Student: 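Following this message is one structure expressed as structure tokens.
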Amino acid sequence: MYSFEFEKPSTVAEAVAALGAEEAQALGGGQTLIPTLKQRLAAPAKLVSLSGIAEMKGVCVEDDGSLAIGGGTTHATVAREAADKYPALAELASHIGDPAVRNRGTIGGSLANNDPSACYPAAVLGSGATIRTNARDIAADDFFQGMFTTALSDAEIITSVRFPVPQAANYQKFLQPASRFALVGVFVARYADGVRVAVTGASEDGVFRWGEAEQALSREFRPDAVMGLRINPMNMIGDLHGSKEYRAHLVGVLTRRAVAAAG
Amino acid sequence: MPKDSGIGASSKRREDVRFLTGSGNYTDDINVRGQAYVYFLRSDIAHGRINSIDTSDAESMPGVVRVFTGKDFEGVGGLPCGWEVADRHGAPMQEPPHPILAQGKVRHVGDPIAAVVADSLEQARDAAEAIAFDIEELPTVTDMKAAAQEGSVKVHDDLKNNICYDWMLGEADNAKVDEVFANAAHVTTLELTNNRLVANPMEPRVCVAEYSRGTDEYTLYTTSQNPHVIRLLMCAFVLGLPEHKVRVVAPDVGGGFGSKIFHYAEEAFCTFAAKACNRPVKWTSSRSEAFLSDAQGRDHVTTIQLALDAQNNFIGLRTDTYANLGAYLSTFSSSVPTWLHGTLMAGNYKTPVIQVNVKAMFTNTVPVDAYRGAGRPEATFQLERVIDKAARELGVDPIALRRQNFITQFPYDTPVALTYDTGDYNGTMDKLEAAADLAGFAARRAQSEANGKLRGLGINCYIEACGIAPSNIVGMLGARAGLYDAATVRVNATGSISVMVGAHSHGQGHETAFPQVVAEMIGIDESMVEIVHGDTSKIPFGMGTYGSRSLAVCGSAMVKATEKVIDKAKKIAAHLLEASEADIELKDGQFTVAGTDKSVAWGDVTLTAYVPHNFPLEVEPGLEETAFYDPANFTFPAGAYACEVEVDPETGKVTIERFTAADDFGNIINPMIVDGQVHGGIGQGIGQALLENCVYDENGQLLSASYMDYAMPRADDVPFYTVDHSSRTPCTHNPLGVKGCGEAGAIGSPPAVVNAVIDALHSGGKKVEHIDMPVSPSRVWAAMNG
């Protein structure tokens, strides 16, 4: 780890100001950034910890019935506090990493990092959630812009994420055997105005919506509705743990299982 | 009634008190006043010519003590290989130098280029980044068959090619082997890979070296399975130091699995640098470094052919194996694909004609050496897979085919140089069939199918050769070491006993099991006996722990030394009791004159030995004896394993539902420890079969270089095991009749798992012949849809 300055502000405004410094970097739960620093693969001049900002923490229901989660909320807190409001989301959070990761890692950190195999992007995109930053609201459909790439600008902080709560939803994760990230993960959510299907782990372009499946399931919310649909393997990830074709196949299998489990 | 102490009792592991309460003393816990830290600058390319290294900037960085490169080690020996294998024509293997720091070329990712010693690790690392070097990247070779081609990139310029040796064992007459196959009623052929593994002990390697100018003495603390072997190799072959000036200590060691047998460059470096810098020098491997510098395991590519006659008797076996040795010869790497692999190709079967061919290859990869089982898992995997395939092709029951071909008469001379002293393979298979409830398999399969899953049953038999010996034979086969062991039994004045042993315990439970033997022999409480190990200044010259040898070899030395102690104690007792030595009996810690009630207690005799006021004049005072033991033969544990898997036909995911092991380990000292050893071995075997895979790309970059991509088995990847070791044919040639149990699980389980997966797929109508390990969901799905 190289030397760096460290700041731990207690408000979003202070954090934004601190991030204005040259080569400053926001630190969420540190579950990706700290290992990267230890490997000397990153050398920020200043780390701005977001973990002391009370206004960025917690889970609550908004007036419109949507579920708002502070950007600095840990996975463990979401797993616990969202359980009765959005069970599929809480279930997803309860299977990220291990207990240590879940008690340090935050939803804002995960989304800002946008790891192509992370779980949260599937829930956010699959729910059509809104990412609120210190500067603006960003729709999930506009937020994810490819592997490790988002709509966030420098010094922009995710303060909360608002999830419309679906009628039914489920997340199916097929584990990459080593990292236990999603080799493929599919989040299916059924709303009054249609079904959303978001896929993580599979694509070279990061999390994506499977439009064909959404249309088919919006017509008929049954596993069989997507039986004949195929994902083009071309843009899938192919690596040690699974070929492009295998990942494309898993997208179908997991979508059917998610629909069955969502009921 | 199970015993509650002594031989056969499941005494609780006394060492676990400190391991489980965080009070162990591991090498990284050792800090010497004034120590500096070394950081190794390692090559990030797999093959390159070093044109220049400029350390001047690094040397002026804060905290830097000294920067070393290969130049500092000119005139210093390289790391030796402990086994010279002769090729099929009797010529010695090609043996390239293995420098402490790279000289001239780097040959694998992780090869150390330079080493910085500094006040802190971070300073050393900062300085390493300031080393300027010009390394010209060269084409690489990582594939063994490509490495064997004429005109291949050469890993070592001074060798004639990349083939370390082209070795053969068994029937040398090709025409005779061809004739057997030509006359066979059926021939089964299988091509398979034994996947490369990374050992991954929980504790990474560490060494701390210090040098005393006042006494000209060195101490090296290191994570080793065999401190005396390290001292000998380092002193005699690398640094040219007299052994009496060097102490090597291997304190608590957090797992070895073979990877801590070998003498590594970092050990010699720290010892050398401690004097050169006049500072203690410490190195602690990071997990990332462990992936690039610990010797790796397995990595064979094999074609095996089994010939059967019209009655399904095995009549011939021929194998052609490429074995990857990596870029350099690690300490015992040359012996693994040869004498630890070819000699096991008879397995449990009376195949009369066997020919084993092995080409051992240098490639631009991390060196490969022994890993739990070492050669024997590779042999068992190919043999048991080809038998399983033959049974399927012939439409016969795989257990019946094995039983029909079992060796049943002992001793048995195999066509591949071993003499099995004893065994009961049918009896062990009987135990397996009962313990695994094979009769209930059909019902379990039906239940799985009702749940949409395919269920398979995989059977496997194994034989293992442990306690490799005797020294005069292994010497003829090229070993550059003896393979005996030693123990000193030191009885203290009040009757407690310290036993100094050459074996090293790094998870095996010696501190519990060894005292059970001594306590039983004398008839005293186990708590009166303590094992001392892991320090060359305390223990006699023994060869350490590997190859499931500790109890069979070092334990035998301990028995002999204890017998000497008892003999002498009887002389003293006879004197005290005014009786003839021949009439003295020792039972329950009491020496009694036979047929009388005259007796004297163990503690009275031991006190007399050290306070010899009333003492036989012809006997020396004291009570301490040493014995060395060189076994007459290997020991041959054997077993039969059954694995039941479920395969999810939609995803290809394999789940192990049941795993049953029936082992014949001969006599057993501590059944609980044996169970644990088997559990751990099976876990590692399941890891190899389903999860673990060490993969290099064509440029020699390690793709599975961290736990993000190298899949270690976790608790939920393995089932609860059923282990039965009631089948017991005691070893005929060691005093305890013990055989060794440390590697059995890792040897016996991979083929059982793969056989089960293939069986499951066939039950679902998928005629898949083979899937290479790891049998990952992706591979199973591809095979089902291929």
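Each chain gets a letter, A, B and so on, in the order its sequence line appears, and its residues count up from 1. Predicted model only: the values in this text are computed from it and were never measured.
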Student: As an exercise: rank R779(B), E122(B), R125(B), E129(B) by heavy-atom pairs under 4.5 Å with chain A and give me the winner.
Tutor: R125(B)
Student: Can you establish whether the number of heavy atoms outside E769(B) located under 6.0 Å from its atom CD is more than 12?
Tutor: no
Student: For M1(A), is the CE atom crowded, meaning more than 12 foreign heavy atoms sit under 6.0 Å from it?
Tutor: yes
Student: Heavy-atom pairs under 4.5 Å with chain A: which of K653(B), E650(B), R714(B), M712(B) has the most?
Tutor: R714(B)
Student: Name the option with the most non-hydrogen atom pairs under 4.5 Å to chain A; the candidates are S286(B), P713(B), A711(B).
Tutor: A711(B)
Student: Mind checking the CG-CE spacing from D299(B) to M144(B)? Nearest 0.5 Å is all I need.
Tutor: 4.5 Å
Student: Counting only heavy atoms from other residues, nucleotides and ligands, does the tally under 6.0 Å from CZ of R104(A) exceed 12?
Tutor: no
Student: Heavy-atom distances under 4.5 Å only: say whether Q39(A) touches chain B with side chain, backbone, both or neither.
Tutor: both
Student: Quick one: is the NZ or CZ of R40(A) closer than 6.0 Å to the six-membered ring centre of Y2(A), and within 45° of its axis?
Tutor: yes
Student: What residues of residues 233-255 of chain A sit under 4.5 Å from chain B when only non-hydrogen atoms are counted?
Tutor: L240(A), H241(A), G242(A), S243(A), E245(A), Y246(A), H249(A), L250(A), V253(A)
Student: Kindly compute the distance separating CG (L47(A)) from CD1 (I34(A)), expressed to the nearest 0.5 Å.
Tutor: 6.5 Å
Student: Hey, which of Q25(A), E7(A), E5(A) is the one that makes side chain to side chain donor-acceptor pair (under 3.5 Å) with K46(A)?
Tutor: E7(A)
Student: So which residue, Q176(A), R256(A), R257(A), ends up with the most heavy-atom pairs under 4.5 Å with chain B?
Tutor: R257(A)
Student: Answer with yes or no after comparing the ring centroid distance for Y707(B) and F291(B) against a 6.0 Å cut-off, counting only values under it.
Tutor: yes
Student: Please state whether the side chain, the backbone, both or neither of D126(B) comes within less than 4.5 Å of a heavy atom of chain A.
Tutor: both
Student: Would you mind checking which part of L691(B) comes under 4.5 Å of any heavy atom in chain A, side chain (CB onward), backbone (N, CA, C, O), both or neither?
Tutor: side chain
Student: Need one label for D697(B): side chain, backbone, both or neither, based on atoms under 4.5 Å from any heavy atom in chain A.
Tutor: neither
Student: Search all heavy atoms of I45(B) against all heavy atoms of S43(B) and return the closest pair with its distance.
Tutor: O-OG, 2.6 Å
Student: Give, as side chain, backbone, both or neither, the part of E692(B) having an atom under 4.5 angstrom from any heavy atom of chain A.
Tutor: neither
Student: Compute whether any side-chain donor of one residue and acceptor of the other, for N194(B) and Q688(B), lie under 3.5 angstrom apart.
Tutor: yes
Student: If you count heavy-atom pairs within less than 4.5 Å of chain A, which of S776(B), S704(B), P777(B) leads?
Tutor: P777(B)
Student: I need the T55(B) OG1 to F133(B) CZ distance, nearest 0.5 Å.
Tutor: 12.5 Å
